[in-house]
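In this chain, numbering begins with 1 at the start of the sequence shown.
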Amino acid sequence: MIKVYEFLATGFEEVEALAPIDILRRGGIDAQTVSITGQRTVVGAHGVGVESDILFEEVTDFEQATLLILPGGLPGATNLRDHAELCRVLSAHAAAGKDLAAICAAPLVLGHLNLVEGKRATCYPGFEKFLTGATYTRELVTVDGHIITGAGPAAALPFGYTLLARLRDAATADTIQRQMLVKDYPGA
């Protein structure tokens, strides 16, 4: 079974968190939001409160996850970086050869944990200095091995479709893009 956890910290970028979760769920993926704040409602960078599915402390099966996602935003990304237990989970996930995804400012967490060293990665412009040992691509979405990174808010949909294609297949991602009018919209 495919299982995905996305971590929400105070100050997360709302579109970068919700668009990928929405896309994954449309594609039939069990994707849950996880609050690292100790509270179910987490307030994003633009004041939008989001009710998480579960608290970090309640998750008992991180090792069963197929993919872990980090949305960007500030101070959301630095709050993720500063959560020691989350960093332990991310490092263990990477050591097991499982997929990690981060968008916008959140790749700084992967850089902090030396998980992008020798990899190609993207992030919000100006945050490339935190991609320790990585080659900064400037792409909207970059996939290198088990690391998937996105550039920022404009990448939220492509990032989500990339994750869905990786977890399911390209045909499923294509179908969801068509249903969401991203592909083949008559007026485009």
Side-chain angles (χ1 to χ4, degrees), residues 3-21 31-119 121-134 136 141-142 144-153 155-156 159-160 163:
K3 182 129 190 94
V4 175
Y5 289 117
E6 179 184 72
F7 301 96
L8 301 182
T10 302
F12 70 92
E13 179 63 47
E14 294 90 341
V15 69
E16 296 166 0
L18 297 178
I21 287 291
Q32 292 187 300
T33 56
V34 180
S35 169
I36 69 161
T37 69
Q39 304 293 317
R40 285 254 187 237
T41 301
V42 184
V43 178
H46 304 285
V48 178
V50 172
E51 185 84 10
S52 66
D53 296 312
I54 193 166
L55 299 177
F56 186 89
E57 300 78 16
E58 297 171 335
V59 180
T60 59
D61 65 346
F62 283 127
E63 66 281 349
Q64 299 301 314
T66 309
L67 168 68
L68 302 178
I69 305 172
L70 305 173
L74 288 176
T78 54
N79 287 334
L80 293 170
R81 179 202 62 206
D82 294 343
H83 192 281
E85 192 58 23
L86 172 60
C87 288
R88 185 198 64 73
V89 166
L90 295 170
S91 293
H93 199 76
K98 294 185 174 184
D99 289 346
L100 294 172
I103 186 169
C104 192
L108 73 81
V109 179
L110 304 181
H112 172 74
L113 297 172
N114 294 316
L115 300 177
V116 292
E117 190 166 341
K119 302 273 188 195
T122 194
C123 61
Y124 194 83
F127 283 82
E128 63 273 11
K129 63 187 171 198
F130 299 109
L131 298 177
T132 309
Y136 175 49
V141 179
T142 299
D144 190 339
H146 295 288
I147 303 293
I148 303 103
T149 51
F159 182 71
L163 297 177

- Mark yes or no for whether H146, through its side chain, and L100, through its backbone, hold a donor-acceptor pair below 3.5 Å. no
- Rounding to 0.5 Å, atoms NZ (K3) and CD (E63) come to a distance of 11.5 Å
- Message: Between T33 and D53 (side chain of the first, backbone of the second, donor and acceptor by atom type, cut-off under 3.5 Å), is there such a pair?
- Response: yes
- Query: Is there a donor-acceptor pair closer than 3.5 Å between any side-chain N or O of K98 and the backbone N or O of A65?
  - Reply: yes
- Message: So L131 and C123, do their side chains get closer than 4.5 Å, heavy atoms only?
- Response: yes
- State whether the side chain of N79 and the backbone N or O of T10 hold a donor-acceptor pair below 3.5 Å, judged by distance alone. yes
- So how far is it from T78 OG1 to H112 NE2, rounded to the nearest 0.5 Å? 11.5 Å
- Message: I'd like to know if the side chain of S52 and the backbone of R40 have a donor-acceptor N/O pair within less than 3.5 Å.
- Response: yes
- Task: With rounding to the nearest 0.5 Å, note down the distance linking CG in L8 to CG in L18.
- Result: 7.5 Å
- Item | Parallel, tilted or perpendicular: ring planes of F7 versus Y5, cut at 30 and 60 degrees | tilted
- Sub-4.5 Å side-chain heavy-atom contact between F127 and L74: yes
- So, for A151 and I103, which heavy atoms are closest and what is the spacing to 0.1 Å? N-CG1, 4.3 Å
- How far does CD1 of I148 sit from CG of D99, to the nearest 0.5 angstrom? 4.0 Å
- Message: Could you check whether atom CD of Q39 has more than 12 heavy atoms from other residues, nucleotides or ligands sitting under 6.0 Å from it?
- Response: no
- Query: If you measure from CD on E6 to CD1 on I21, what distance do you get to the nearest 0.5 Å?
  - Reply: 4.0 Å
- Looking only at non-hydrogen atoms, find the nearest pair between A105 and Y124 and report the distance. N-CB, 4.3 Å
- Message: Rounded at 0.5 Å granularity, tell me how far CD in E16 sits from SG in C104.
- Response: 4.0 Å
- Task: If the plane angle is over 60° it's perpendicular, under 30° parallel, otherwise tilted; pick one for F62 and F56.
- Result: tilted
- Which atom pair, heavy atoms only, marks the closest approach of V34 to L55? CG1-C, 3.9 Å
- Query: L80 and A9: which non-hydrogen atoms are nearest, and at how many Å?
  - Reply: CD2-CB, 3.9 Å
- Contact summary for V109 and A77, nearest pair of heavy atoms: CG2-O, 3.5 Å
- For T149 and L110, work out which heavy atoms get closest and say how close. CG2-CD1, 4.4 Å
- Would you please test H93 and L90 for side chain to side chain contact (heavy atoms under 4.5 Å, CB included) and show each step? CA-CA 5 Å; H93 199 76; L90 295 170; 5.6 Å; no
